[in-house]
Amino acid sequence: SLIYQLRDLADDATDVTTEQQRDALSDAVDAAADWLDAHAEMASLKDIQERTAQLKALQKPIVFRRTQVAKRPEHISALRAIIKQAESLVELYRVGYTAEELEPASELLQGLEDTLRNTTVWLDDMVVKQEALAMSDEPVLTTTAIDDKAVGIERSLAKLVAKKVKKKVPEVTVSEPKAEATEADDEPQSSKDKGGAGHDEL
């Protein structure tokens, strides 16, 4: 069945192969089919495995390129979304907390900002390089590389969130209430003096 699969691949994968690559694949498939017809009954398991490995070696890069062409845009979009979400979180930290409150997580926060900036530059650069290639060329920007960058950002985010930055509650000083003045205290001193003088006269 591998021979039939490869024949179909040679006919269908025109977008990710050159004519030379397709000819090489077709020639290898024809040679394998002829060999199998001539040696099917006497071929050893080792011989069959070697022939199969040779065919798969031709199949693998073609399938890989086709998969990358189909999946790469989705992975790029996912990475850009993660970058945007992380940048929004960083902005919340920078706006919502003071420098003193962020001190326990300052290195993690700065590291995340550097990672986001470097990843954005890397992604933009690699997209340009990838777009300059033909689909039949080996890709320079792979879904694995993109996913590795996304995982790195997610790990940095997890470390930052785990730090649990807290807002500091301002200290409130409570003053003791002043004692209320009595009527006697409010009475003018002159009245008290006058009253006292009148009694002395009696």
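Quantities reported herein were computed from a predicted structural model and do not represent experimental measurements.
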> In Å, rounded to the nearest 0.5 Å, how long is the span from NZ of Lys84 to OG1 of Thr120?
Replying inline: 12.5 Å
>> With a 3.5 Å distance limit and no angle check, can you tell me whether Lys163 reaches the backbone of Ser106 through a side-chain donor-acceptor pair?
In response: no
> Would Val140 and Met135 show up in the same hydrophobic cluster when neighbours are defined by side-chain heavy atoms closer than 4.5 Å?
Replying inline: no
> How far does CD1 of Ile76 sit from CE of Met126, to the nearest 0.5 angstrom?
Replying inline: 10.0 Å
> NZ/Lys60 to CG/Leu55 distance, rounded to the nearest 0.5 angstrom?
Replying inline: 15.0 Å
> Ser88: what forms a side chain to side chain donor-acceptor pair (under 3.5 Å) with it, not counting sequence neighbours?
Replying inline: none
> Roughly how far, to the nearest 0.5 Å, is the CZ atom of Arg51 from the CD1 atom of Ile3?
Replying inline: 10.0 Å
> With a 4.5 Å limit on heavy-atom distance, are the side chains of Val161 and Leu89 in contact?
Replying inline: yes
> Do any pairs count as a ring pair (Phe, Tyr, Trp, His ring centres under 6.0 Å) and have a residue in residues 90-112, sequence neighbours left out, and if so which ones?
Replying inline: Tyr93-Tyr97
> Who passes side-chain contact (heavy atoms from CB on, under 4.5 Å) against Glu138, sequence neighbours left out?
Replying inline: Pro61, Phe64, Arg65
> How far does NE2 of His75 sit from CZ of Arg80, to the nearest 0.5 angstrom?
Replying inline: 14.5 Å
> Is there side-chain contact between Lys149 and Leu123, with at least one heavy-atom pair below 4.5 Å?
Replying inline: no
> So which pairs with a foot in residues 106-122 pass salt bridge (Lys or Arg N to Asp or Glu O under 4.0 Å), sequence neighbours left out?
Replying inline: Arg94-Glu113, Asp114-Arg117
>> When you compare the side chain of Gln85 with that of Leu157, does any pair of heavy atoms fall below 4.5 Å?
In response: no
> Cluster question for you: counting only ILVMFWY and a side-chain heavy-atom cut-off of under 4.5 Å, with indirect links fine, are Val29 and Ile62 together?
Replying inline: yes
> Would you say Glu101's side chain and Lys166's backbone share a donor-acceptor pair under 3.5 angstrom?
Replying inline: no
>> Hydrophobic cluster membership, with links at side-chain heavy-atom distances under 4.5 Å among I/L/V/M/F/W/Y: are Val127 and Ile82 in one?
In response: yes
> What heavy-atom pair brings Gln68 and Thr142 nearest, and what distance separates the two atoms?
Replying inline: OE1-CA, 3.1 Å
> Quick one: are Thr67 and Thr143 in side-chain contact, heavy atoms under 4.5 Å?
Replying inline: no
>> Any heavy-atom pair between the side chains of Ile153 and Thr119 that's under 4.5 Å?
In response: yes
>> Taking the side chain as everything from C-beta on, heavy atoms only, tell me whether Gln49 gets closer than 4.5 Å to Thr52.
In response: no
>> I need the minimum non-hydrogen distance between Ala24 and Leu58, along with the two atoms involved.
In response: O-CD1, 4.4 Å
>> I'd like to know whether Lys129 forms a salt bridge (charged side-chain N to carboxylate O under 4.0 Å, His left out) with Asp125, so could you lay out the CA-CA distance, the side-chain angles of the two residues, the decisive distance to 0.1 Å, and finally the verdict.
In response: CA-CA 6 Å; Lys129 290 180 178 179; Asp125 181 56; 3.4 Å; yes
>> Tell me which pairs pass ring pair (Phe, Tyr, Trp, His ring centres under 6.0 Å) where either residue lies in residues 110-147, with sequence neighbours left out.
In response: none
>> Membership question, hydrophobic clusters at under 4.5 Å side-chain separation (ILVMFWY): are Leu2 and Trp35 in the same one?
In response: yes
>> Enumerate the salt bridge (Lys or Arg N to Asp or Glu O under 4.0 Å) contacts for residues 18-42, please, sequence neighbours excluded, ordered by first and then second residue.
In response: Arg7-Asp30
>> Just verifying a value: how many Å separate Leu112 CG and Glu87 CD, rounded to the nearest 0.5 Å?
In response: 9.0 Å
> When hydrophobic residues are tied together by side-chain contacts of less than 4.5 Å, even through go-betweens, does Leu133 share a cluster with Val63?
Replying inline: no
